[in-house]
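Heads up, the thing below is written out as structure tokens.
When reading the values below, keep in mind they use all heavy atoms of this one structure, side chains included, and skip hydrogens, waters and symmetry mates. Counting convention: from 1, in listed order, for ligands and their atoms alike.
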Amino acid sequence: MAQFEGKVAVITGAGRGIGRETALLMAREGARIVVNDLGGGPQGGGSDAHFAQEVVDEIKAAGGEAVAETSSVTTMEGGKAVVDCAMDNFGRLDFLVNNAGIIRPRRLTDMSEEDFDIVVAVNFKGYFATMHAAAPHLKKQGGAIVNFSSPSGFGHYGMVNYSGAKEGVVGMTRTIARELAEFGVRANAVRPISGPSNMNIPEVYETLQYALDTLHIPPLSGHWIGNSGPDGRPWNVAAVVGWLCSDRSSNLNGREVYINGGHIALVQEPEFIRSQFAVDGWTFDKLCEEGTSRALTWDIRDRFTGK
Ligand SMILES: NC(=O)c1ccc[n+]([C@@H]2O[C@H](COP(=O)([O-])OP(=O)(O)OC[C@H]3O[C@@H](n4cnc5c(N)ncnc54)[C@H](O)[C@@H]3O)[C@@H](O)[C@H]2O)c1
């Protein structure tokens with residue numbers, strides 16, 4: 001028996017890459033799918049309706065049910081249009097997968113306000129817009145939300161807009177998980193590494209190589225995220241999204257899952273380490289005492305403090 005028989009899924013950015021694979025997988029498992037995709041460029045801008053339609057055609061050819069939707073998720077109207085499409089065509093909504101994304105790698109001093117705003121609009125506000133519209137429907141019978149974060153959120157040289165947005169997605173997901181749990185709706189985040197991707201533009205490699213070769217620092221995260229198994233592929237990530245929507249992961253809510261090819265991991269929740277306590281509260285002078293600084297930092301060698 002297919003896992004998602006009778007269910008309806010909205011998947012944003014499903015015309016290509018990971019979203020496409022997720023749409024195909026969930027349709028194979030019996031879900032009816034809204035394939036949303038604006039079809040713009042990897043850095044934003046432009047539109048092309050044929051990406052969403054191609055995936056719909058593929059699903060239908062395999063005997064599934066799907067409808068194309070080409071709104072941009074960056075506005076509240078766009079988010080609502082995507083969700084309305086599910087209700088108008090299929091009459092219910094069980095799963096929302098916020099996968100749409102763009103990238104604009106620039107160093108902080110080269111990054112314009114527009115570079116920042118457009119990345120935040122797609123990767124962060126766009127997720128709010130769809131969740132805002134979807135929540136009243138999901139609450140009716142329960143369901144699941146899966147939001148796309150990124151390992152870039154751990155810190156990524158040249159990606160202040162993208163890493164900020166993607167880390168924001170995790171905080172937002174933790175909050176939604178708490179708000180919707182009583183209605184049987186779970187919300188989790190995915191941090192994938194997967195190629196090939198439309199987003200793997202030359203600027204990504206330029207900043208990555210500079211950090212590695214010139215600064216000798218890990219460009220992404222606190223250490224190099226290597227891969228001891230096969231390279232991450234979109235279908236590996238789609239499998240995780242499907243699993244997060246299925247009852248098999250019903251004890252997981254408000255959490256993050258990392259996936260890179262053959263490596264899957266639950267990401268640790270942020271926690272306090274090296275707590276120090278001051279009975280009258282911490283002051284600047286007390287913090288500057290040698291003992292306090294030592295207790296908080298003495299064996300930490302920071303790789304980003306300079307050459
Ligand atoms: N590929 C990776 O290694 C990787 C790593 C970390 C995070 N991610 C995240 O995973 C998700 C999918 O990545 P991918 O590699 O499949 O990328 P992709 O570029 O292949 O697909 C993203 C899709 O989103 C669509 N999109 C962009 N802006 C949109 C908008 N405003 N409204 C609707 N659709 C829009 C694009 O048209 C595109 O088809 C993204 O959120 C990305 O940030 C990917």
Check your understanding: For A278, which residues count as a side chain to side chain contact (heavy atoms under 4.5 Å, CB included) partner, sequence neighbours excluded?
Key ->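 Listed in chain order: W282, K286.
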
Check your understanding: Are the charged groups of E256 and R174 less than 4.0 angstrom apart, N to O?
Key -> yes

Practice item. Could you go through the side-chain hydrogen bond (donor to acceptor under 3.5 Å, both in side chains) check for T173 and N147 one step at a time? Key: CA-CA 7 Å; T173 305; N147 289 330; 3.1 Å; yes

Taking heavy atoms and a distance under 4.0 Å, where does [X] meet ligand 1: side chain, backbone, both or neither?
{"X": "S149", "value": "backbone"}
{"X": "N36", "value": "side chain"}
{"X": "I102", "value": "side chain"}
{"X": "K166", "value": "side chain"}
{"X": "P234", "value": "neither"}
{"X": "F51", "value": "neither"}
{"X": "Y258", "value": "neither"}

Review point. So between S47, G101, A129, P196, whose heavy atom ends up nearest atom 27 (C) of ligand 1?
Key: G101

Who's the nearest protein heavy-atom neighbour of [atom], and how far?
{"atom": "atom 12 (C) of ligand 1", "answer": "N99 OD1, 3.0 Å"}
{"atom": "atom 24 (O) of ligand 1", "answer": "G13 CA, 3.4 Å"}
{"atom": "atom 15 (O) of ligand 1", "answer": "S197 OG, 2.6 Å"}

**Study point:** Under 3.5 Å side-chain donor-acceptor pair for S71 and E69
**Key:** yes

**Study point:** Closest non-hydrogen atom pair, E65 against I59
**Key:** N-CG2, 3.8 Å

**Study point:** For R104, salt bridge (Lys or Arg N to Asp or Glu O under 4.0 Å) partners two or more places apart
**Key:** E114, D115

Review point. If you measure from each heavy atom of G126 to ligand 1, is any distance below 4.0 Å?
Key: no

Review point. Considering only heavy atoms of S71, which atoms of ligand 1 have at least one such atom less than 4.0 Å away?
Key: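 With S71 as reference, the close atoms of ligand 1 come out as 32 (N), 33 (C).
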
[X] versus ligand 1: do any nitrogen or oxygen atoms come within less than 3.5 Å of each other?
{"X": "F148", "answer": "no"}
{"X": "V73", "answer": "yes"}
{"X": "R16", "answer": "yes"}
{"X": "T74", "answer": "no"}

Practice item. Measure from the ring center of H263 to the ring center of Y258 and say whether it is less than 6.0 Å. Key: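 H263 vs Y258: aromatic centres under 6.0 Å.
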
